[in-house]
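I have placed the structure first, in the form of structure tokens, so that the comments after it can refer back to it.
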Amino acid sequence: MEAEQAFVGGLIDVYSITDNLDIVFNDEGLINSLEPRVVVLGENVDSEGGIRELKEIIHGDCFICRHDDGGNFVSIREEDVKTIQHFVKAIISVHADVIIIKE
């Protein structure tokens, strides 16, 4: 746990991207005004596939991993990459209430 806390720069929080994949981030990133780094998106909410629900904004350093049955963080698998690319997007910039992401 100490290595994870050192990486994110504080206490950790975990957001489940899927049943198998988690994003680990600084629990106080937002209140400590850390830079927003990534967004987690949901599935398409329109029939044309152009609009997706914003699930989470992650502030500060973070990492993505799997977890085992005991709740321990473990490495992602090659087959996880497409899922991560689908749900997690890097933030390019923020202007007022508009977040520009890298697709």
Side-chain angles (χ1 to χ4, degrees):
M1 183 77 71
E2 289 178 13
E4 290 86 351
Q5 289 177 333
F7 185 85
V8 302
L11 299 176
I12 63 167
D13 198 356
V14 177
Y15 182 86
S16 294
I17 301 168
T18 66
D19 289 341
N20 300 316
L21 292 169
D22 298 321
I23 188 163
V24 181
F25 60 97
N26 185 319
D27 183 47
E28 297 178 330
L30 177 61
I31 62 172
N32 288 334
S33 300
L34 297 180
E35 181 179 341
R37 297 292 177 98
V38 299
V39 295
V40 180
L41 300 175
E43 292 294 348
N44 295 336
V45 296
D46 69 338
S47 60
E48 297 174 15
I51 299 174
R52 295 175 61 193
E53 181 181 7
L54 175 63
K55 296 287 193 174
E56 188 71 42
I57 302 171
I58 305 297
H59 294 256
D61 292 336
C62 59
F63 64 92
I64 297 171
C65 60
R66 287 182 151 263
H67 57 270
D68 62 18
D69 292 336
N72 301 303
F73 299 137
V74 295
S75 297
I76 63 170
R77 301 176 183 163
E78 184 66 34
E79 62 265 22
D80 295 329
V81 173
K82 284 188 179 185
T83 301
I84 293 166
Q85 290 173 334
H86 178 73
F87 288 110
V88 181
K89 304 293 182 183
I91 295 174
I92 296 172
S93 64
V94 178
H95 302 282
D97 292 336
V98 177
I99 299 171
I100 301 172
I101 61 172
K102 182 176 182 177
E103 187 62 42

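Quick caveat, the model's predicted, so the values are computed rather than measured. Residue numbers run from 1 in the order of the sequence given.
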Output all residues satisfying side chain to side chain donor-acceptor pair (under 3.5 Å) with [X], sequence neighbours left out; order by chain, then residue number.
X: E79; answer: none
X: S75; answer: none
X: E43; answer: H86

_Taking transitive links into account, so neighbours of neighbours count too, which hydrophobic residues share a cluster with I91 at under 4.5 Å side-chain distance?_
V39, L41, L54, I57, V94, I99, I101
*Which ILVMFWY residues are connected to V74, directly or by a chain of links, through side-chain heavy atoms under 4.5 Å apart?*
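Besides V74, the cluster holds no residue at all.
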Distance-only donor-acceptor pairs under 3.5 Å for side chains of residues 64-72, two or more places apart:
from: R66; atom 1: NE; to: D80; atom 2: OD2; distance (Å): 2.7
from: R66; atom 1: NH2; to: D80; atom 2: OD1; distance (Å): 3.0
from: H67; atom 1: ND1; to: D22; atom 2: OD2; distance (Å): 2.7
from: H67; atom 1: NE2; to: D19; atom 2: O; distance (Å): 3.3
from: D68; atom 1: OD1; to: G70; atom 2: N; distance (Å): 2.9
from: D68; atom 1: OD1; to: G71; atom 2: N; distance (Å): 3.0
from: D68; atom 1: OD1; to: N72; atom 2: N; distance (Å): 2.9
from: D68; atom 1: OD1; to: N72; atom 2: ND2; distance (Å): 3.4
from: D68; atom 1: OD2; to: N72; atom 2: ND2; distance (Å): 3.3

*salt bridge (charged side-chain N to carboxylate O under 4.0 Å, His left out) pairs, two or more places apart, involving residues 1-16*: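 Salt bridge (charged side-chain N to carboxylate O under 4.0 Å, His left out) check on residues 1-16 returns no pairs.
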_Filter on salt bridge (charged side-chain N to carboxylate O under 4.0 Å, His left out), then keep only pairs touching residues 83-98, sequence neighbours left out; what's left?_
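Output for this query lists K89-E103.
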*Check step by step if side-chain contact (heavy atoms from CB on, under 4.5 Å) holds for F87 and K55.*
CA-CA 9 Å; F87 288 110; K55 296 287 193 174; over 6 Å; no
*asked:* Quick one, F25 with I12, criterion side-chain contact (heavy atoms from CB on, under 4.5 Å). Give me CA distance, side-chain angles, the key distance, then yes/no.
replied: CA-CA 5 Å; F25 60 97; I12 63 167; over 6 Å; no
Kindly write out the residues that satisfy side-chain contact (heavy atoms from CB on, under 4.5 Å) with [X], not counting sequence neighbours, or none if the list is empty.
X: S33; result: none
X: I31; result: E28
X: E35; result: R37

*State the CD1-NZ distance between I92 and K102, to the nearest 0.5 angstrom.*
7.0 Å
_My understanding is that only residues two or more places apart in sequence, or in another chain, count here; which of them pass ring-ring contact (aromatic ring centres under 6.0 Å, His included) with F63?_
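Checked F63 against ring-ring contact (aromatic ring centres under 6.0 Å, His included); matches are F7.
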